[in-house]
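Everything below concerns the one structure shown next.
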Amino acid sequence: KSAQIVQEAWPHRPQRPAGGGMPLASWGMTTRDDAQDTSTTTTTGGGVATTTGGATATTTDTGAARRRTAVVTGASAGIGEATALSLAEDGWDVVVAARRRERLEAVATACRDLGATAHPIELDVTDQASIDRFAAAVRALGGGVDLLVNNAGGARGLDPVLDADVDDWRWMFEANVMGTLQVTRALFDELAAGVAPQVINVVSVAGRGAYRGGAGYNAAKFGETALTDVMRMEFAERGVRVCQIDPGRVATDFSLNRFKGDAARAEEVYADKENLVAGDIAEAIRWVAARPAHMDVESMMIRPIDQV
Ligand code: 8X3
């Protein structure tokens with residue numbers, strides 16, 4: 001069942017050894033000091049090779065080795081699910097968060113199959129009480145937070161401005177803007193104390209360019225872009241990096257959600273096109289997540305070749 005989830009989330013997934021993902025040795029070890037100051041550098045011949053921190057860290061305050069922890073929201077399907085699996089494969093422990101408990105359990109099981117510790121915790125990013133409970137549950141795990149992937153969000157409707165459903169607009173602001181804001185604030189103290197901490201916001205090409213019918217979603221995603229830019233400026237002084245990932249058309253249940261369960265309309269969006277799959281975006285996120293502490297990747301826009 002869990003292998004099936006991996007396959008569904010990422011049909012083009014490269015084959016890696018099952019059971020433990022990449023050998024931890026290939027990610028190297030890093031200390032908290034290494035992570036906060038610079039990456040580890042080694043001289044090779046005439047040049048200098050820089051190794052990344054990887055997902056295993058040694059905390060200097062306790063002297064105890066611990067694995068790094070990533071929190072992924074919207075992790076029950078699509079990009080969030082594929083991201084959780086990729087991070088698990090790379091040696092991260094993961095907290096997977098979303099509304100659908102059953103799906104979350106399945107994703108957590110798939111992460112465990114890859115050798116990770118995985119905690120499924122329910123979260124509705126449009127509900128402040130849910131965010132508060134979630135943050136308390138994460139804190140209670142005691143493993144810290146080194147990476148937050150704000151992936152929860154989405155679109156509702158594709159209506160012209162004059163026909164807009166204001167409830168759809170409100171939901172999009174709540175989920176994409178307020179959800180990203182409030183989840184990040186709720187976990188910020190843990191993040192700021194983390195090893196090479198980083199926030200990765202999964203925004204959208206819709207947050208960079210508007211299109212007909214997209215006004216509500218565009219406004220929410222442009223808002224999330226602005227929020228992400230200011231987070232980057234303000235968090236840098238606390239040592240927390242902020243990256244924006246902007247996916248284009250990715251064949252997930254994004255359109256099914258946008259069209260409120262109208263499968264025929266959703267399928268039309270992806271029919272006869274070179275769509276990305278969730279794992280393509282997860283591949284970018286796993287790369288950003290593995291960068292050393294001094295390296296700030298501001299953004300990446302990723303579209304299928306026929307969407308440029
Ligand atoms: C959705 C991107 O291109 O499918 O965030 O509208 S697109």
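Computed over heavy atoms, backbone and side chain alike; hydrogens, waters and symmetry mates excluded.
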- Message: For a quick test of reading the model, state the closest non-hydrogen atom pair linking Gly248 to Gln307 and the distance between them.
- Response: CA-OE1, 3.3 Å
- Centroid-to-centroid, Tyr270 to Phe254, below 6.0 Å? no
- Item | Salt-bridge present (Arg170, Asp165; N to O < 4.0 Å) | no
- Any Lys/Arg nitrogen of Lys221 or Glu224 sitting under 4.0 Å from an Asp/Glu carboxylate oxygen of the other? yes
- Message: Salt bridge or not between Glu190 and Arg139? Use side-chain N to carboxylate O under 4.0 Å.
- Response: yes
- Message: Within the 4.5 Å heavy-atom criterion, are Met300 and Val288 side-chain neighbours or not?
- Response: yes
- Task: Under the side chain to side chain contact (heavy atoms under 4.5 Å, CB included) rule, what do Leu181 and Leu227 come out as? Steps first, then yes or no, please.
- Result: CA-CA 8 Å; Leu181 171 73; Leu227 169 63; 4.0 Å; yes
- Using the ring of Tyr217 (Phe, Tyr or Trp, six-membered ring only), decide whether Arg258 places NZ or CZ under 6.0 Å from its centre and within 45 degrees of its axis. yes
- Query: Do you know the tightest heavy-atom contact between Ile79 and Ala278?
  - Reply: N-CB, 3.7 Å
- Would you say the side-chain atoms of Thr184 and Asn150 include a donor-acceptor pair closer than 3.5 Å? yes
- Message: Quick test of your reading of the model: are Arg100 and Glu122 salt-bridged, counting only N-O distances below 4.0 Å?
- Response: no
- Exercise: identify the closest heavy-atom pair between Asp124 and Ser130: N-OG, 2.8 Å
- Message: Exactly one of Thr126, Val125, Asp132, Ile131 should register a side chain to side chain contact (heavy atoms under 4.5 Å, CB included) with Gln182. Which one does?
- Response: Ile131
- Trace of the side-chain hydrogen bond (donor to acceptor under 3.5 Å, both in side chains) decision for Thr69 with Asp146: CA-CA 5 Å; Thr69 298; Asp146 308 293; 4.5 Å; no
- Item | Other residues, nucleotides, ligands: >12 heavy atoms within 6.0 Å of Glu274 CD | no
- For the residue pair Thr228 and Asn201, confirm or rule out a side-chain donor-acceptor distance under 3.5 Å. yes
- Any chance CZ of Arg249 has more than 12 other-residue heavy atoms, nucleotides or ligands included, within less than 6.0 Å? yes
- All salt bridge (Lys or Arg N to Asp or Glu O under 4.0 Å) counterparts of Asp262, not counting sequence neighbours: none
- Item | Contact summary for Pro197 and Leu191, nearest pair of heavy atoms | CB-O, 3.0 Å
- Are the charged groups of Asp306 and Lys273 less than 4.0 angstrom apart, N to O? no
- Any donor-acceptor N/O pair, Arg103 side chain to Ser76 backbone, under 3.5 Å: yes
- Check ion pair Glu105-Arg101 (N to O, under 4.0 angstrom): yes
- Item | Taking every non-hydrogen atom, the tightest pair across Asp296 and Arg241 | OD1-CB, 3.6 Å
- Query: Given the rule in the side chain to side chain contact (heavy atoms under 4.5 Å, CB included) test, do Phe222 and Asn176 qualify, once you have shown the distances and angles that lead to the verdict?
  - Reply: CA-CA 10 Å; Phe222 271 69; Asn176 296 288; over 6 Å; no
- Do you know the tightest heavy-atom contact between Ile285 and Ile245? CG1-CG1, 4.1 Å
- Task: Go through Val250 and Asn275 one step at a time and tell me if the side chain to side chain contact (heavy atoms under 4.5 Å, CB included) criterion holds.
- Result: CA-CA 6 Å; Val250 185; Asn275 307 297; over 6 Å; no
